[in-house]
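Hydrogens, waters and symmetry mates play no part in the numbers below; they use all other heavy atoms, side chains included. Positions are given from 1 along the sequence.
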Amino acid sequence: MKRVVVGLSGGVDSSVAAYLLQQQGYEVIGLFMKNWHDDSVTISNDCPWLEDSNDALLVAEKLGIPFQTVDLSEQYKEKIVDYMFNEYERGRTPNPDVLCNREIKFDVFMKIALSLGADYVATGHYCRKSEIEVDGKPVYQLLSGVDTNKDQSYFLCQLSQEQLAKSLFPIGELTKPQVREIAAEMELVTAEKKDSQGLCFIGKVRLPEFLQQKLQPKEGIIVQIDKDHPVYNTTVSDDLVTEEALSLAAKPIQYAVEMGKKVGKHQGAHYFTIGQRKGLNVGGTAEGLFVIATNVETNTIYTGMGSHHPGLFRKALFIEKSEVHWIRKDLALANGETMKVMARIRYRQPLQEAILHQFESGMYVSFEEPQSAITEGQFVAWHIGDELVGSGVIS
């Protein structure tokens, strides 16, 4: 009998994942990951991880499976929290969920599971895995979940073949309402529980306050750039094939204070991200202001009025060579090669038509339609059909 360790988070998805595996005849063990100690930044007074681990325990008892809690807060702090602070300090916007899967759930956690004699690790992600043969060897595919509304393959875009080989995603074939229905039928305590928000497994943490503990507030100015500014007149050629043309299209515009007008003050450029409109506290404009660029060196935020402001859009992005990741290594591009794909630059964004261009220096991704708020530090993931084949950090 194959043994599976399920990451029970105290939510409905992982609860039902455990139940389904049990039905499929696996020997199931429930493991709850505790990743967070510092209660000073949680939003509510109730301690979220305590409540969640309690729910996970109740589910395990109901299913009659062994259960234990593992404390991964040290590794979490080092691999996720410290990394996030570094990224924010550099003016980039990291994605903790993608990292948490790559570094914690499918690495540290997986090693613990395997040391318990597990054959597989399972999670409550809405995605699917399948297996094909390439050159006589098994190759694993990461496929989107059947519930297009909930598909979470994006969060697993950094997994490797080794990690996928040992992973199971029992609820990938179901929709969220079906999952809730099964939980209700089984009278699992998590059946009605709301979906968790906030950082993966940290519980409900307020990000700005969380960051402010480390990053000191410092006052800077907010500058508004007019949509008709001549800086937007440089035409990017439609024919993005040469490295030169791609590089031009992918480069963020370098703004200077004198290009616009000062419209307000902020408490630190590193708290803001491209495309953000909340928290600027600038009134009196005809349409909302959006962040179009931040400069952490000069501590300046550049904004544009309205969601169609040209400063928000770019036709291409760049991924440094070391940060190009192929789940399907057999499909990786050689220098000079291109590939038509469907790509997204953030979770829940509809897939966009794109072309990958591999060069010596790294990879460019050019889009059919200009993309709004391409954000440094976030992940771009690309698909062929419903298979996620690779991803990279936007540079």
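Note: His325 NE2 to Trp382 CH2 = 9.0 Å, rounded to the nearest 0.5 Å. Here the CG-CD distance, from Leu143 to Glu173, works out to 9.0 Å after rounding to the nearest 0.5 Å. Distance check: Gln358 CD to Glu360 CD gives 9.0 Å after rounding to the nearest 0.5 Å. With values rounded to the nearest 0.5 angstrom, Asp71 atom CG is found 12.0 Å from Met33 atom CE. Rounded to the nearest 0.5 Å, atoms CD1 (Ile394) and CD1 (Ile374) are 6.5 Å apart. Here the straight-line distance linking atom CG of Leu156 with atom OG1 of Thr123 works out to 6.5 Å at 0.5 Å rounding.
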Item to check | Stepwise side-chain hydrogen bond (donor to acceptor under 3.5 Å, both in side chains) test for Thr273 and Gln276 | outcome: CA-CA 6 Å; Thr273 179; Gln276 181 173 337; 5.4 Å; no
Checklist entry - For Arg348 and Asn149, what are the C-alpha separation, side-chain angles and deciding distance, and is it a side-chain contact (heavy atoms from CB on, under 4.5 Å)? => result CA-CA 8 Å; Arg348 294 192 74 88; Asn149 205 21; 3.1 Å; yes
Checklist entry - Do Arg328 and Glu387 pass the side-chain contact (heavy atoms from CB on, under 4.5 Å) test, and can you show the C-alpha distance, the side-chain angles, and the key distance before you say yes or no? => result CA-CA 10 Å; Arg328 288 286 305 278; Glu387 178 183 5; 2.8 Å; yes
Item to check | Evaluation steps, side-chain contact (heavy atoms from CB on, under 4.5 Å), between Asp147 and Leu174 | outcome: CA-CA 7 Å; Asp147 187 339; Leu174 303 174; over 6 Å; no
Item to check | Steps toward side-chain contact (heavy atoms from CB on, under 4.5 Å) verdict (Ile80, Met84) | outcome: CA-CA 6 Å; Ile80 309 295; Met84 284 180 68; 4.1 Å; yes
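For the pair Arg90/Val296, no side-chain contact is recorded, criterion being any heavy-atom separation below 4.5 Å from C-beta on. At least one side-chain heavy atom of Ile384 sits less than 4.5 Å from a side-chain heavy atom of Met339. Counting heavy atoms from C-beta outward, Tyr302 and Val223 have side chains that approach closer than 4.5 Å. Within the 4.5 Å cutoff, the side chain of Tyr140 has no heavy atoms near those of the Gln163 side chain. Contact of the Ile65 side chain with the Gln22 side chain is registered, since non-hydrogen atoms from C-beta on lie closer than 4.5 Å. Here the side chains of Leu114 and Met110 are in contact, with some heavy-atom distance below 4.5 Å. In this structure, the side chains of Tyr154 and Asn95 come closer than 4.5 Å at one or more pairs of heavy atoms. Between His309 and Phe290 there is no side-chain heavy-atom pair separated by less than 4.5 Å.
Gln161 places a side-chain N or O within 3.5 Å of a backbone atom of Ile327 that can act as its donor or acceptor partner. Without hydrogens or angle criteria, Ser130 side chain to Gln141 main chain gives no donor-acceptor distance under 3.5 Å. Under the 3.5 Å distance criterion, the side-chain polar atoms of Lys193 are matched with a main-chain donor or acceptor of Gly10. Formation of a donor-acceptor pair under 3.5 Å by the Arg277 side chain with backbone atoms of Leu289 is not found in this model. With hydrogens and angles disregarded, a donor-acceptor distance shorter than 3.5 Å links the side chain of Asn299 to the backbone of Glu219. Of the possible polar contacts, one joining the Arg128 side chain to the Ser144 backbone as a donor-acceptor pair under 3.5 Å is found. Checked by atom type and distance alone, the side chain of Lys129 pairs as donor or acceptor with a backbone atom of Leu164 at under 3.5 Å. When atom types are taken as modelled, the side chain of His266 and the backbone of Ile222 share no donor-acceptor pair closer than 3.5 angstrom. Within the 3.5 Å criterion, the main-chain N or O of Thr375 finds no donor-acceptor partner in the side chain of Arg346. The backbone N or O of Glu320 sits nowhere less than 3.5 Å from a side-chain atom of Glu323 that would complete a donor-acceptor pair.
Side-chain atoms of Glu243 and Ser361 include a donor-acceptor pair closer than 3.5 Å. A side-chain N or O of Ser160 and one of Glu162 form a donor-acceptor pair less than 3.5 Å apart. Gln378 and Thr93 are not linked by any side-chain donor-acceptor pair at a separation below 3.5 angstrom, with hydrogens and angles left out of the test. For the residue pair Thr190/Ser15, the side-chain donor-acceptor check at 3.5 Å is satisfied.
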Pair up each side-chain donor or acceptor in residues 245-262 with any protein partner under 3.5 Å, not counting sequence neighbours, and list the distances.
{"unit_1": "Ser247", "atom_1": "OG", "unit_2": "Lys251", "atom_2": "NZ", "d": "3.1"}
{"unit_1": "Tyr255", "atom_1": "OH", "unit_2": "Tyr232", "atom_2": "OH", "d": "2.8"}

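Look at Lys150 and Asp13 and you find no salt bridge, because none of the NZ, NE, NH1 or NH2 atoms lies under 4.0 Å from a carboxylate O. One finds no salt bridge joining Lys340 and Glu353 here, because no Lys/Arg side-chain nitrogen approaches an Asp/Glu carboxylate oxygen to under 4.0 Å. Between Lys137 and Asp135 there is no salt bridge, since no side-chain N of the basic residue sits under 4.0 Å from a carboxylate O of the acidic one. Salt bridge annotation for Arg102-Asp107: absent, with no cationic side-chain nitrogen under 4.0 angstrom from a carboxylate oxygen.
Applying the ring-ring contact (aromatic ring centres under 6.0 Å, His included) test to pairs two or more places apart or on separate chains, none has a residue in residues 157-179.
Applying the ring pair (Phe, Tyr, Trp, His ring centres under 6.0 Å) rule to Phe318 yields the partners Tyr364; only residues at least two apart in sequence or on another chain are considered.
When each of Lys315, Gln349, Arg314, Arg344 is paired with Gln371, the side chain to side chain donor-acceptor pair (under 3.5 Å) condition holds for Gln349 and for no other.
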